[in-house]
Number of protein chains: 2
Amino acid sequence: MAVTMNDVARAAGVSLKTVSNVLNDYEFIRPATRQKVNEAIAELGYEANLTARSLRSGKTRMLGLVLSDLSVPYYGELASKLMKVASLRGYRVLVEQSDANVDNELSALQGPFRQLTDGLLFTPLAMEADAVASSRGNKPVVLLGEYILDARFDLVTMKNEEAARAVTAHLLAGGRRRVAVVGAHPEDSGGSAGLRLSGYRKALEDAGIAFDPALMAPGGWWRDAGAAAVAGLLDAGVPFDAVFGLNDTLALGAMHELLIRGIKVPQDVAVAGFDDIDEARFASPSLTTVSPGMDEIAERSIGLLIDRIEGLQPEDDGVHVEADFILKIRESAP
Amino acid sequence: MAVTMNDVARAAGVSLKTVSNVLNDYEFIRPATRQKVNEAIAELGYEANLTARSLRSGKTRMLGLVLSDLSVPYYGELASKLMKVASLRGYRVLVEQSDANVDNELSALQGPFRQLTDGLLFTPLAMEADAVASSRGNKPVVLLGEYILDARFDLVTMKNEEAARAVTAHLLAGGRRRVAVVGAHPEDSGGSAGLRLSGYRKALEDAGIAFDPALMAPGGWWRDAGAAAVAGLLDAGVPFDAVFGLNDTLALGAMHELLIRGIKVPQDVAVAGFDDIDEARFASPSLTTVSPGMDEIAERSIGLLIDRIEGLQPEDDGVHVEADFILKIRESAP
DNA sequence: GCTACCATCTGCAACGATGTACTCAAACGG
DNA sequence: CCGTTTGAGTACATCGTTGCAGATGGTAGC
């Protein structure tokens, strides 16, 4: 079977516990002993058994990441970055897909998934803050990307409102006056959709333009919904000269529908999105959007979570981080 | 602390082992005993400690998935599907990104990552079959998507060559005669790129058209490379009336470059890809491509791997599965 | 020369589950 | 009526680590 500490101890002529001490960088070990042990380890090809270590220490060195679906480009990119950052600090990331479903989110917080991880990065899409608070147990949770502003939680997010305001302002500065907004959920106010919508409305207000509810095309949150929303507006005969997709896939879905119908982008209708996924840069026309600072989000959230896990972060209230955004002006709305 | 089996045993007035027997569906337990135990479990809110179970049983009920990068749409979609299928059989998927780098692939096969999983789904991008064989240890490995045809391995793949031949044939049937091919790696013959290139050449041959090496634009495997390859051809003055991207992101990158330069798709140049990622359907123009049967790949590969792990698959040579493909004719090459 | 101290190393228990071997009583066969 | 089988449950060892509490032996202090 596999080589154990006992085998190493025997080979090095020391006790099992000394091997353990060497591996855990215990201070008081003679260099000669340390070397003997290390040689035995190398010779036998010993590798620590992570399961046993976890059982004994109660730590798994894994972080949980709860998000809706990895097939959504934004989440795929986010997961990729988070995993890379985590690995620099010696942690792995275990992903759980929630499908934006309350039950799945709940079971990620409470079920076996929690046992496997030392802490959670959680993108709450369906759950409320109180529900999260009451079911998170004793392991650290860092909320990601959504704006449940609540002193109980660490939160790493983006400037949803400000950034949405900036993109909308950019559309208005280009002379657009009727900016359709795609992806708004009427009932949502504190989530990404709500905050971005609010930024949109503030930009309209700044420009002295009245908000027209007819321009708000509600629906889902991904590609199909973007296309459907634009189709709905066109079929209903609602006039508009720009579309703001509350995320890039919505915007790209919308743009696709416009182009299919022979509507020119940006000449007839300008289009802007939010997230700056890789695809936005390579769309045709390339998509004007907002880059929400994903690198910063990945670094800060992993850093915060690991600091909590390792007790490096003082025990007080939740830390709130807002990454800076950058407006990316491209062809779809120059 | 957490509730253990011992607590349950005490509460139910039975021995610890009886609790274990109830949990493991041991046959000979009186209904009354079983009920007492189940009641105690429910009352105390007991949850089995997965780490302890793993240590004792040597199984983790996790599958490893090694791929280059989750931010690549194809892999994001694949990972999402694999995780969903695995969870139906009670397994989780732990992802490791290799960046298509040999060292990372090797460490996924040998390092701590293996310990954490009962078996591996492996997309070898850099390693050779022999290297994989010699370092996989004793846990089952199912190769995914690449065509290392080797009796030692289970392999679930797509009809790379046939499908590429079919797309190319479609371009030729549309009257195109100079089909540039983007993403070919000159040195690769057995990997996806090599097989798809070979399918391309066979289609040319079928149509009695000579292969022109000048139309082969080598380079990387993702968006940038697609754009750069087309830019290279155009700048070099190589004439072509179609582009076959060896994957969708290459094709989309290429298409973007064409459109930027005012070249009409499909009027001036038709474009086709391979993979049928979600984005292909919503690109403008939408992308003609090949759907490689990802659902079938996900189901067969997970099924095969778990059957191996659980000893349900007879012990003989590697099983080879090739999923069926579907040609998706869209606007970029009608 | 004896105590006190320190660096260094060791043995044992414990983490929480499962496998093996065993006990014990009831049922059964002849 | 006694030996054997079978159902139901239990005790103990074990998986491979780490925490805790010593054990050891050399040196310093006075």
Side-chain angles (χ1 to χ4, degrees), chain A residues 1-38 40-41 44-62 90 112 114-116 118 138-139 310-311, chain B residues 1-41 44-62 90 112 114-118 138-139 310-311:
Chain A
M1 297 290 284
V3 181
T4 75
M5 271 194 180
N6 230 319
D7 303 326
V8 175
R10 209 176 351 251
V14 297
S15 79
L16 184 160
K17 186 69 236 246
T18 299
V19 178
S20 168
N21 286 337
V22 169
L23 264 82
N24 292 287
D25 285 322
Y26 179 63
E27 196 179 353
F28 302 114
I29 298 176
R30 251 179 299 159
T33 311
R34 189 183 301 276
Q35 196 191 332
K36 263 194 309 186
V37 171
N38 282 327
I41 287 175
L44 300 177
Y46 168 78
E47 277 182 54
N49 179 315
L50 301 181
T51 308
R53 182 174 282 174
S54 289
L55 175 59
R56 188 62 245 240
S57 69
K59 304 274 172 191
T60 62
R61 294 194 81 80
M62 289 218 258
R114 282 192 66 254
Q115 276 189 38
L116 297 170
D118 294 341
N138 56 344
K139 285 190 184 165
E310 299 185 346
Chain B
M1 296 295 284
V3 182
T4 75
M5 268 192 179
N6 231 318
D7 303 327
V8 175
R10 210 176 350 251
V14 297
S15 80
L16 185 159
K17 186 69 232 256
T18 299
V19 179
S20 167
N21 285 339
V22 170
L23 264 83
N24 292 289
D25 286 322
Y26 180 64
E27 194 179 354
F28 302 117
I29 300 178
R30 250 179 297 157
T33 312
R34 190 184 301 276
Q35 196 191 332
K36 264 193 308 186
V37 170
N38 281 327
E39 278 166 8
I41 287 174
L44 299 178
Y46 168 78
E47 277 184 54
N49 180 314
L50 301 182
T51 309
R53 183 173 284 176
S54 289
L55 175 60
R56 189 62 245 241
S57 69
K59 303 275 172 191
T60 62
R61 295 193 79 81
M62 290 218 256
R114 282 192 67 254
Q115 276 190 39
L116 297 169
T117 57
D118 294 341
N138 55 343
K139 286 190 181 163
E310 300 184 347

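The sequence lines fix the lettering, A, B, ..., with proteins before strands; numbering per chain opens at 1.
- For dC9(C), the OP1/OP2 oxygens have a side-chain nitrogen or oxygen of Arg30(A) closer than 4.0 Å.
- Tyr26(A) places its OH atom 14 Å from the P atom of dT18(D), with the value rounded to the nearest Å.
- A distance of 5.0 Å separates CG in Asn6(A) from CG in Leu16(A), rounded to the nearest 0.5 Å.
- Side-chain atoms of Arg56(B) and base atoms of dT14(D) include a donor and an acceptor less than 3.5 Å apart.
- Proximity of Arg10(B) to Asp7(B): side-chain heavy atoms (C-beta onward) are separated by under 4.5 Å at one or more points.
- Thr51(A) comes within 4.0 angstrom of no nucleic acid atom, judged by non-hydrogen atoms across all strands.
- Per the geometry, CD belonging to Glu27(B) stands 12 Å off C1' belonging to dT6(D), to the nearest Å.
- Here dG19(D) presents its C1' atom at 14 Å from CZ of Arg53(A), a figure rounded to the nearest Å.
- Close to dG16(C), at under 4.0 Å from its OP1 or OP2, lies no side-chain N or O of Thr4(B).
- Atom NZ of Lys17(B) is separated from atom P of dA17(C) by 13 Å (rounded to the nearest Å).
- Distance NZ (Lys36(A)) to P (dT8(C)): 14 Å, rounded to an integer number of Å.
- Contact annotation: Ser20(B) does not reach the phosphate of dA17(C) (side-chain N/O to OP1 or OP2, under 4.0 Å).
- The shortest distance between the side-chain N/O atoms of Ser57(B) and the OP1/OP2 oxygens of dT18(C) is not below 4.0 Å.
- Nearest-nucleotide assignment on DNA chain D puts the 5′-proximal partner with Val14(B), out of Val14(B) and Leu55(B).
- Nearest nucleotide to the side chain of Met5(A), out of dT10(D), dT18(C), dT17(D): dT17(D).
- Residue contacts for Leu23(A): at a heavy-atom cut-off of 4.0 Å it reaches no nucleic acid atom on any strand shown.
- The CG atom of Leu23(B) sits 5.5 Å away from atom OH of Tyr46(B), with the distance rounded to the nearest 0.5 Å.
- Note: Leu50(A) CG to Arg61(A) CZ = 10.0 Å, rounded to the nearest 0.5 Å.
- If you check every strand for non-hydrogen atoms under 4.0 Å, Ile29(B) touches sugar and phosphate atoms only.
- One interatomic measurement links the two molecules: CZ of Phe28(A) to P of dT27(D), which rounds to 17 Å at whole-angstrom precision.
- Within 4.0 Å of Ser54(B), counting heavy atoms only, lies no atom of the nucleic acid at all.
- Atom pair Lys59(B):NZ and dC15(D):P shows a separation of 17 Å (rounding to whole Å applied).
- At dT18(D), none of the side-chain N or O atoms of Asn21(A) fall inside 4.0 Å of OP1 or OP2 (strictly under the cut-off).
- Atoms CG (Leu50(B)) and P (dC15(D)) sit 21 Å apart, rounded to a whole Å.
- Remark: side-chain polar atoms of Asp118(B) are paired, donor with acceptor, to backbone N or O of Thr60(B) under 3.5 angstrom.
- Nucleic acid contact class of Leu16(B) (heavy atoms, under 4.0 Å, all strands): base.
- For Thr18(A), taking side-chain heavy atoms from C-beta onward, the closest of the listed nucleotides dT10(C), dG16(D), dG19(C) is dT10(C).
- Tyr46(A) comes within 4.0 angstrom of sugar-phosphate atoms only, judged by non-hydrogen atoms across all strands, and of no base.
- Distance alone, capped at 3.5 Å, places no donor-acceptor pair between the Gln35(A) side chain and the Arg30(A) backbone.
- Within 4.0 Å of Asn6(A), counting heavy atoms only, lies no atom of the nucleic acid at all.
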